[in-house]
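Written out below as structure tokens is the structure these notes cover.
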Amino acid sequence: MDATVEQPQKKKWKLKMPGAFTILFFLTVISVMLTWFVPAGSYSKVSYGHHELTVTQPSGKKTTMPATQASLKKLNVQIDIDQFTSGAISKPVSVPGTYKRLKQHPASLYSIFTSMVNGTMQAVDIMIFIFVLGGLIGVVKASGAFESGLEALTKRSKGKEFVLVFMVAVLLAFGGTLCGIEEEAVAFYPILAPVFISMGYDSIVTVGAIFLASSIGTTFSIINPFQVVIASNAAGTQFTQGMTGRIVGFTVAVICLLFYLHWYARKVQKDPTFSYTYEDKAKFDAMWSMDSTEEKDLSFTTKKKIILVLFACAFPIMIWGVMAKNWAFPDMAASFLLIAVIIMFLTCFGKKDGLGEYQTTEAFSNGAASLVGVSLIIGLARGINNILNEGYISDTILYTSSELVKHMSGSVFIIMMMLIFFVLGFIVPSSSGLAVLAMPIMAPLADTVHIPRYIVVTAYQFGQYAMLFLAPTGLVMATLQMLDMKYSHWFRFVWPVVLFVLIFGGGILVTEVLLA
């Protein structure tokens with residue numbers, strides 16, 4: 001009798017999406033290559049300092065002018081001089097009609113590595129903030145307050161899990177529309193990831209409730225000073241113009257996002273295998289879940305409650321500082337460090353649950369170390385932007401785009417403008433940076449097609465942020481690195497949102513053109 005011999009099955013080759021560091025490395029290489037082929041060019045730039053205006057020509061020659069409205073009018077820059085002198089506009093502004101081709105500035109292969117280092121150095125303020133955040137999280141975890149608080153929350157939220165997702169998404173959406181909270185939202189992941197895991201959700205829900213919600217708020221920003229206000233000033237218009245359309249857009253967009261999150265969250269809760277990140281579920285849970293085989297004291301003591309209250313207070317204080325006191329990342333890091341030190345003292349001492357000085361400081365160090373990868377991602381993304389700027393190809397793309405849309409009809413013009421800002425959002429992921437670079441060039445084009453300039457500002461918002469949901473040069477890669485999520489999984493979830501922004505946003509823009 002012949003024995004049936006089973007042939008070993010060959011493993012099928014499967015294309016895998018590379019990780020965040022690999023994607024950014026290849027984008028850095030591509031950016032260097034572009035500096036060899038895309039023609040170099042630049043606009044003159046005007047900036048304010050030492051009570052005078054400095055105009056830097058494409059050749060590098062600098063001239064000074066009195067800081068007066070007449071000087072700006074002479075340059076054809078239709079911005080109120082007070083915007084410069086008050087510090088509202090602090091970055092160099094492009095001067096219309098001054099674009100000139102330059103000698104090619106090809107980046108060397110060695111600049112692939114220098115750009116990574118320089119970009120990281122430029123991001124040091126954000127990196128310190130993230131390190132302090134990680135240290136704070138590490139100490140709170142070591143104290144046992146997270147586990148005890150999570151146990152109490154899980155019992156109380158049984159059957160009402162999505163309420164928390166709803167509240168977080170709405171809060172972050174308002175944060176985005178009012179003051180552009182996005183990079184600061186990184187602070188919420190270590191808190192909410194364990195909570196959402198305990199409720200049966202996945203990493204997509206976590207990113208959706210935090211990053212996606214804050215970004216939707218910023219996309220349809222009503223009064224964000226770092227985006228719509230700066231862009232309006234640079235366009236020579238008032239940010240109050242077009243506010244009605246932005247309010248309607250914000251309301252509809254947030255409602256649609258909540259329905260999308262609710263649909264996805266319910267699917268995952270009922271069937272975990274539905275999750276777009278199911279293949280990485282075990283890894284994600286191991287990283288953020290508070291469950292452990294160790295026996296732990298989960299009693300919610302007064303000391304643990306005080307620690308959680310102090311921890312929770314760090315975030316409204318941060319939001320208040322950003323909105324009311326114009327805090328930058330060093331200020332936010334200092335406030336987090338103050339609260340971390342207080343919690344460290346509480347955690348260190350105690351007859352029964354005191355960890356002692358060594359374990360407490362070790363918990364802070366380990367927490368900070370866990371976010372090193374996230375910090376480096378932010379620096380590497382900035383390095384790509386540096387290569388494009390130093391190769392003088394950003395202005396060339398801007399000039400070519402401006403020539404493309406001249407003399408179009410109003411409705412076609414504004415849709416093309418949104419798509420141009422969609423592309424520019426990849427090259428210049430900074431909202432304020434793109435505003436002062438592009439708005440003085442693009443906004444006057446609205447006059448040629450007889451539409452108000454504020455509609456160009458709205459097109460800039462929709463276009464740039466539709467790209468920033470996807471662009472590796474923005475905050476996306478740092479977010480995915482923090483949760484160890486594959487870019488392909490995120491893309492699968494977010495592409496309908498990008499499509500919604502472009503279609504719904506385009507509809508708002510055309511309506512505003514027709515009503516103007």
Candidates Y460, Y465, F426 - the one meeting ring-ring contact (aromatic ring centres under 6.0 Å, His included) with F421:
Y460
Got more than 12 heavy atoms from elsewhere within 6.0 Å of CD, Q238?
no
Given S44 and T56, is the side-chain contact (heavy atoms from CB on, under 4.5 Å) satisfied, shown in steps?
CA-CA 6 Å; S44 294; T56 305; over 6 Å; no
Hey, mind stepping through K486 and L480 against side-chain contact (heavy atoms from CB on, under 4.5 Å) and telling me if it holds?
CA-CA 7 Å; K486 291 183 176 68; L480 302 186; over 6 Å; no
Pair Y276 and Y264, ring centroids less than 6.0 Å apart
yes
Working to the nearest 0.5 Å, report the span between OG of S59 and NZ of K103.
14.0 Å
With a 4.5 Å limit on heavy-atom distance, are the side chains of S215 and L468 in contact?
no
Whether the side chain of Q104 engages the backbone of V38 through a donor-acceptor N/O pair (distance < 3.5 Å, no angle test) should be reported.
yes
Check for me whether the distance between the ring centres of F26 and F21 falls short of 6.0 Å.
no
Are the aromatic ring centres of F504 and F462 under 6.0 angstrom apart?
no
Checking S221 side chain against T177 main chain: does a donor-acceptor pair fall under 3.5 Å?
yes
Does Y278 have more than 12 heavy atoms from other residues, nucleotides or ligands lying within 6.0 Å of its OH?
no
Please name the residue in the list T98, T54, D395 that meets the side-chain hydrogen bond (donor to acceptor under 3.5 Å, both in side chains) test with K45.
D395
Enter the distance from L509:CG to Q461:CD here, rounded to the nearest 0.5 Å.
9.5 Å
Show which side-chain atoms of residues 118-135 pair as donor or acceptor with protein atoms under 3.5 Å away, not counting sequence neighbours.
| from | atom 1 | to | atom 2 | distance (Å) |
| --- | --- | --- | --- | --- |
| N118 | ND2 | T114 | O | 3.2 |
| T120 | OG1 | M116 | O | 2.7 |
| Q122 | OE1 | N386 | ND2 | 3.2 |

Take R453 and Q78 through the test side chain to side chain donor-acceptor pair (under 3.5 Å) and record every step on the way to the result.
CA-CA 11 Å; R453 293 188 178 191; Q78 299 183 30; 3.2 Å; yes
Give the intermediate values and the outcome of side-chain contact (heavy atoms from CB on, under 4.5 Å) for residues K74 and M65.
CA-CA 10 Å; K74 188 176 180 180; M65 304 176 71; 4.1 Å; yes
Could you list all the ring-ring contact (aromatic ring centres under 6.0 Å, His included) pairs where at least one residue sits in residues 75-102, not counting sequence neighbours?
Y43-Y99, Y99-Y399
Working to the nearest 0.5 angstrom, can you tell me the gap between M418 CE and F422 CZ?
9.0 Å
Apply side chain to side chain donor-acceptor pair (under 3.5 Å) to the pair T237 and S232, showing each step before the final yes or no.
CA-CA 5 Å; T237 185; S232 298; over 6 Å; no
Can you tell me how far CG of D202 sits from OG1 of T277, rounded to the nearest 0.5 angstrom?
4.0 Å
Ring centres of F329 and F336 under 6.0 Å apart?
no
Checking E512 side chain against T458 main chain: does a donor-acceptor pair fall under 3.5 Å?
no
Check: F469 main-chain N/O paired with W490 side-chain donor or acceptor under 3.5 Å:
yes
